[in-house]
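Numbers here are sequence positions counted from 1. Atoms within a ligand are numbered from 1 in the order they appear, just like the ligands themselves.
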Amino acid sequence: MTRSILIALLRSDLRLHDHAIFSACRPGSSALPNVTHVVPVYVFDQKYVEVGGITGLTKGKGPGHNGAKTRVAGFWRCGPHRTRFVTRSVYDLKARLKKLGSDLSIWAGQPDVVLAKLVEAFQREGDKVEAVWMSGETGKPHTEEVNTEKRIKKALAPSQTPLKLVENSSLIDPKDLPFDIKDLPDVFTHFRKRVEAPDMFKPPEPAPDKLLPFVEVPKVDNGPGVFKVGDDVSEENLTEQLLAPLDKEPGPLPVLGQLKGQDLPNALPFKGGETEALARLEHYFGGGKQAPAATYKDTRNEMLGADYSTKFSSALAHGLLSARTIAHRATQLDKSNGAKGRDGGGYWIIFELLWRDYFRLVSLKYGSSLYTIYGIEGELDEKTSDQKARDWIQPRSFDDKGDAFVRWATFETGVPLIDANMKELAATGFMSNRGRQNVASLLTKDLYYDWRLGAEWFEHLLVDYDPASNYGNWQYVAGVGNDPRASRQFNPIKQAKDYDQQAKYVKAWLPVLEGLPHTEAHHPWTRAEGSPEGYPSKPVVENNMWKSHYARDGSSRGGIRGGGGGGGKTHDKYYLKHVSV
Ligand SMILES: Cc1cc2nc3c(=O)[nH]c(=O)nc-3n(C[C@H](O)[C@H](O)[C@H](O)COP(=O)(O)OP(=O)(O)OC[C@H]3O[C@@H](n4cnc5c(N)ncnc54)[C@H](O)[C@@H]3O)c2cc1C
């Protein structure tokens, strides 16, 4: 009997719950009346992850052929933190699918080539591949994501296999927006006001308890762009192979080697996979009024610890949690705590999820402008953006330790708030939103470096790297985005005194400052004795506007948070688990 197969190509949607494809693959589902079997597939795409260390793999001729490196600076796109996190997440999903009697077929190379070969192999066995489904959104052309989708469509054309894109990531399905994407407001608040409503998102779907049966994947010969990761390859073994090229040639700024063996704090409490992400969800929303989420409104601007903010970003970026599941729990929490409107922590978590949606929509609207030096502003105001593009500076050389970009990336600016955050990023792959805003502002507004270098450094190191959120936020801070009007220059001394009043955060990451009074720890160069030995004696730059804050003791003033309001109450449930890099 001919089997009718659906291939589910997974990308940044490594979960079972609230997953549009898996929900449709329940036995008896009316969404796929002709399909008898489902084959979930994951491909480590050579364009994003360096796969050159996998024994026996030959890269395809497509994107990533010359290495999965960033365009401007040539950093590895997917650094060690994210490589480990993604591999863990892939193997976790495989184990979860196996519990349902299904499986995950793991490959490396080019998704378009893998799929074409796979369909061919099934057809040779006498099976019919009904369709390939994958998560994705139709956006403005020329972004990498859209190009990948196009390549897959083209590769499937000879076998007449249809490709369907399924929305699986946003809080609000773009199809449900009350306006066309071309009319997306260029100011976040205007967008939020148009969409904010009690029923703005659909309720999340539970994970299926059964799936259509899996089919053993027929043999496909490994060749250019196609490599099957054998079932006997363990997660540890594959991780090692993926990390081998990064270990051998770490790239222009090998900061991770610098941190090896140091005992460092880590605020990111999980290592990947839907299983851990769901446990984190329970932790953050469990406990009613005691739940960390209940106080999110007051704590979200902090920098030290695991619970001041949700730490859902990595899970969201790789699809281990759906935005709707988080928003649903947030709404339920506020309701059960009797919190009304803007009083509840849940409201503010949803507010931030709307920022995430907004940047996704901005990327759908403006496409590749998200990645050019001109930014989106280039489409709106060519003259100003041309001038700005000429003014950005480039590093003299990544080998020049005195170059300000190098000092920024290697946490040697001499400004403790910046260095502590950059060190946290390098050591853990995470940085708070407050930290990200400050370091991005210093690089682009005080040092005038090409904003794309900062965005690429983040792309290399962040576990939660997400193209729209990363490049969108960088443009927003650098002032080249779709809303370039406001000057978003941050004053790191004021910020440090507002949000790290006792200097606990900077001291946790820069032990060399340990003995300094908190009143001076944020600007050690102003002390009569100067900066302590082992820390830069002078800051890489000193902006006049910093000076009026030197004499100030810390206060609890609020401030903006990604466009929103903020509070300054300290949250002292520090969670300092130690990390080895
Ligand atoms: C320069 C810069 C680069 C950034 N790069 C990324 C990135 O690559 N990936 C990423 O997920 N976020 C990015 N952000 C946004 C934000 O800093 C992180 O999402 C947040 O710090 C993650 O911590 P959290 O999960 O505890 O956030 P929470 O404060 O708990 O917020 C809940 C969720 O809302 C979303 N969110 C919050 N703030 C923003 C924001 N400003 N923009 C978009 N989504 C937001 C995230 O998904 C987050 O997990 C960037 C911000 C800046 C300023």
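- At least one cation-pi condition fails for Lys494 and Trp546: the charged atom is not both under 6.0 angstrom from the six-membered ring centre and inside a 45 degree cone around its axis.
- A salt bridge is defined here as a Lys NZ or Arg NE, NH1 or NH2 lying under 4.0 Å from an Asp or Glu carboxylate O, and Arg436 with Asp464 meets this definition.
- Looking at Glu377 and Lys388, a side-chain N of the basic residue comes within less than 4.0 Å of a carboxylate O on the acidic one, giving a salt bridge.
- Taking a cut-off of under 4.0 Å to the non-hydrogen atoms of Arg356, the atoms of ligand 1 that pass are 43 (C), 44 (N), 47 (O).
- The shortest separation from a heavy atom of Tyr476 to ligand 1 is not under 4.0 Å, leaving the residue out of contact.
- Taking the side chain as every heavy atom from C-beta outward, Leu281 and Leu321 approach each other to under 4.5 Å.
- Backbone and side-chain nitrogen or oxygen atoms of Trp474 are examined, and none is located within less than 3.5 angstrom of a nitrogen or oxygen of ligand 1.
- The pair Glu149-Arg11 meets the salt-bridge criterion, since a charged nitrogen lies less than 4.0 angstrom from a carboxylate oxygen.
- An N or O contact shorter than 3.5 Å is missing between Trp355 and ligand 1 by distance.
- Contact analysis puts Tyr296 in contact with ligand 1, with a non-hydrogen atom separation below 4.0 angstrom.
- Of the candidates Thr310, Asp357, Leu171, Ile326, the one placing a heavy atom closest to atom 32 (C) of ligand 1 is Thr310.
- Between the CZ atom in Arg324 and the CG atom in Asp173 there is a gap of 7.5 Å [rounded to 0.5 Å].
- Nearest-residue assignment for atom 50 (C) of ligand 1 (options Asn473, Asn438, Leu354; heavy-atom criterion): Asn473.
- Assignment of Ile349 to the shell around ligand 1 is not supported, since no heavy atom sits closer than 4.0 Å.
- A salt bridge is defined here as a Lys NZ or Arg NE, NH1 or NH2 lying under 4.0 Å from an Asp or Glu carboxylate O, and Asp92 with Lys271 fails to meet this definition.
- Counting the atoms of ligand 1 from 1 in the order shown, those under 4.0 Å from a heavy atom of Tyr465 are 8 (O).
- Within the 4.0 Å heavy-atom criterion, both parts of Asn433, backbone and side chain, lie near ligand 1.
- For His318 (side chain) and Leu14 (main-chain N/O), no donor-acceptor pair under 3.5 Å exists by modelled atom type.
- Of all atoms in ligand 1, listed by their number and element, those nearer than 4.0 Å to a heavy atom of Gln437 are 53 (C).
- Distances between N or O atoms of Phe430 and those of ligand 1 include no value under 3.5 Å.
- Of all the atoms in ligand 1, the ones that sit under 4.0 Å from a non-hydrogen atom of Phe359 are 42 (N), 43 (C).
- Heavy-atom contacts of Leu462 reach the following atoms of ligand 1: 5 (N), 7 (C), 8 (O) (cutoff under 4.0 Å).
- Using cut-offs of 30° and 60° on the angle between ring planes, the pair Phe191 and Phe188 is tilted.
- Side chain of Ser441 to backbone of Lys445: no donor-acceptor contact under 3.5 angstrom is found.
- Here is the list of ligand 1 atoms found below 4.0 Å of a heavy atom in Leu316: 47 (O), 49 (O).
- In summary, the atoms of ligand 1 found under 4.0 Å from a heavy atom of Asp466, numbered by their order in the structure, are 7 (C), 8 (O), 9 (N).
- Arg77 places no side-chain N or O within 3.5 Å of a backbone atom of Ala68 that could act as its donor or acceptor partner.
- The contact set between ligand 1 and Ser313, taken as ligand atoms under 4.0 Å from a residue heavy atom, comprises 11 (O), 19 (O), 22 (C), 23 (O), 25 (O), 49 (O).
- Among Glu352, Met431, Arg360, Lys311, the residue whose heavy atom lies nearest to atom 39 (C) of ligand 1 is Glu352.
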